[in-house]
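Working notes, beginning with the structure itself.
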Amino acid sequence: MNPTLKKGIQIAISLGIAVWIFWFLYKDIDASSLWNQLQTSNWFWIGGSLLISWVGFWLRGWRWTLLISKEEGIPINPTRSYHAVMVGYLANLLVPRAGEVARCGILTRTNGVSLGHLLGTVIVERSIDLLFLVGTIALAFLLENQLFLELFSGLVNVNSLGEKLGNNLPIVLGGGVVLILFFYFLFRKFKNHGLINKLQGFFRQIFSGVKSISQMSNPAGFWITSVAIWVIYFLTMYFVSLAIESTANLTPGEVLLVMVMGSIGMVAPVQGGIGTFHALVAYILIQLGVSETDGKIFAAIIHGTQLVFMLILGLISWLAMMRIPAWIKPDKD
């Protein structure tokens, strides 16, 4: 199959899935309910969420400059890397995962930094963000462990499961040892298989990414900025929760749990997390006692305002970067 046609089909399928999930979620929601909520929401807090998210975008750009080598092309300043990051977000709204290549490509064009080096820095960024996502999930579990257990109990009878495990402890331990040995020998036998190689490469990338940060000129700045970015993610969600009456009483721990679900939804391979973000955020809000309609409207407001904001900023950044002439490699004498 033609690669371009194959890519087009993949984009169409992901967009179709996103639209279908969104339609399925909101087909029973009256548009007037959404409009009324928009009118009654406190736009001071929503405006604050947009402002602080813009700070987060700029910090992402500044953090990226810490990873980029100053020995290639023209040194990149934080403003230019910020614009490249926003162009990447804009590309992601059109084609899932295209933003990573787009933001690297635009800096290669304007500053002459090699595309391979820039893509390597993006892999490091993504590895660190994945670690922070796992850490945030763990923190949310510690703060809201009772809710986690209640959700799990809805799927499995925890008391019955614990009693059965206790009564059959020798069998459980023996089965665990057999299972570990099975996966060990399976891994040894198929260690050169494509899937195993991909998993090994994935964990190697994370390890090498963390290791490479220690060799930077400003590792403390990188880690502090990374923490700040994830704090800003939380504050963005928290500010919007304060803006809407049905979610204004959520505790910070509950908002953190909503943020975790939203982050997982944004990782899905669909344009801008459309549908998946809304489904997961609405689901967890319903579990927290928010009505189904209000939960879905909350998801629509925070995602919609951020999407429009990102679209505007992305277009501005794209125009700004297109005005910069392409870098021309100087001739060597």
Side-chain angles (χ1 to χ4, degrees), residues 3-4 7 53-132 201-202 204-230 232 266-267 272 310-333:
T4 304
K7 187 65 176 177
S53 66
W54 177 81
V55 174
F57 298 148
W58 193 91
L59 285 177
R60 272 200 167 277
W62 185 78
R63 186 182 69 166
W64 193 22
T65 61
L66 299 178
L67 291 170
I68 300 172
S69 172
K70 295 178 174 57
E71 297 177 2
E72 292 194 34
I74 304 171
I76 298 170
N77 59 47
T79 299
R80 191 166 292 188
S81 62
Y82 155 76
H83 284 311
V85 166
M86 296 315 302
V87 170
Y89 282 134
L90 181 64
N92 276 336
L93 296 178
L94 302 174
V95 182
R97 306 291 178 266
E100 321 299 7
V101 178
R103 63 162 160 152
C104 294
I106 205 162
L107 284 186
T108 297
R109 173 190 170 275
T110 59
N111 287 64
V113 182
S114 67
L115 185 63
H117 170 68
L118 291 171
L119 287 172
T121 62
V122 169
I123 290 173
V124 173
E125 270 196 332
R126 289 305 175 213
S127 299
I128 299 306
D129 284 337
L130 178 60
L131 290 178
F132 270 90
F202 173 72
R204 274 198 299 267
Q205 284 178 355
I206 294 178
F207 177 75
S208 62
V210 174
K211 187 178 178 181
S212 67
I213 293 170
S214 64
Q215 301 167 355
M216 291 168 45
S217 59
N218 188 7
F222 182 91
W223 287 113
I224 292 171
T225 306
S226 297
V227 172
I229 288 169
W230 281 83
I232 284 172
M266 293 299 293
V267 173
M310 237 184 284
L311 182 63
I312 294 170
L313 293 178
L315 286 171
I316 292 172
S317 292
W318 179 74
L319 291 172
M321 294 301 276
M322 287 300 101
R323 294 183 62 183
I324 300 172
W327 179 80
I328 301 175
K329 186 176 181 178
D331 295 328
K332 292 183 179 180
D333 295 331

- Message: Run the side chain to side chain contact (heavy atoms under 4.5 Å, CB included) test against Leu90 and tell me which residues pass, sequence neighbours left out.
- Response: Leu311, Leu315, Trp318

- Item | Nearest heavy atoms of Pro78 and Trp58, plus distance in Å | CB-CZ2, 3.7 Å

Considering only distance and modelled atom types, tabulate donor-acceptor pairs under 3.5 Å from the side chains of residues 101-108, sequence neighbours left out.
| residue | atom | partner | partner atom | Å |
| --- | --- | --- | --- | --- |
| Arg103 | NH1 | Glu125 | OE1 | 3.1 |
| Arg103 | NH2 | Glu125 | OE1 | 2.7 |
| Thr108 | OG1 | Cys104 | O | 3.0 |
| Thr108 | OG1 | Val113 | O | 2.8 |

- Ile324: what forms a side chain to side chain contact (heavy atoms under 4.5 Å, CB included) with it, not counting sequence neighbours? Arg80, Thr110, Met321

- Note on the structure: Rounded to the nearest 0.5 Å, the OG1 atom of Thr225 sits from the CG atom of Leu59 at a distance of 6.0 Å

- Message: Nearest 0.5 angstrom please: Ile224 CD1 to Arg63 CZ, how far?
- Response: 13.0 Å

- Item | Over all atoms of both residues, closest heavy-atom pair of Ile128 and Ser226 | CG2-OG, 4.2 Å

- Query: Going from OG1 on Thr121 to CD on Glu100, what distance comes out if it is rounded to the nearest 0.5 angstrom?
  - Reply: 10.0 Å

- Message: Restricting to non-hydrogen atoms, name the atom on Asn92 and the atom on Ala98 that form the minimum distance, rounded to 0.1 Å.
- Response: OD1-N, 3.4 Å

- When rounded to the nearest 0.5 angstrom, what is the spacing between OH in Tyr89 and CG in Leu94? 15.5 Å

- Query: Between atom CG of Leu319 and atom NE2 of His83, what is the distance when rounded to the nearest 0.5 Å?
  - Reply: 10.5 Å

- Item | Counterpart residues, side chain to side chain contact (heavy atoms under 4.5 Å, CB included), relative to Asn218 (two or more places apart) | Trp62, Leu66, Ala220

- For Ala91 and Gly99 the tightest heavy-atom approach is CB-CA, 3.9 Å

- Does Arg60 have any salt bridge (charged side-chain N to carboxylate O under 4.0 Å, His left out) partners at least two apart in sequence or in another chain, and if so, which? Asp129

- Residues in side chain to side chain contact (heavy atoms under 4.5 Å, CB included) with Trp54, at least two apart? Tyr82, Phe309, Leu313

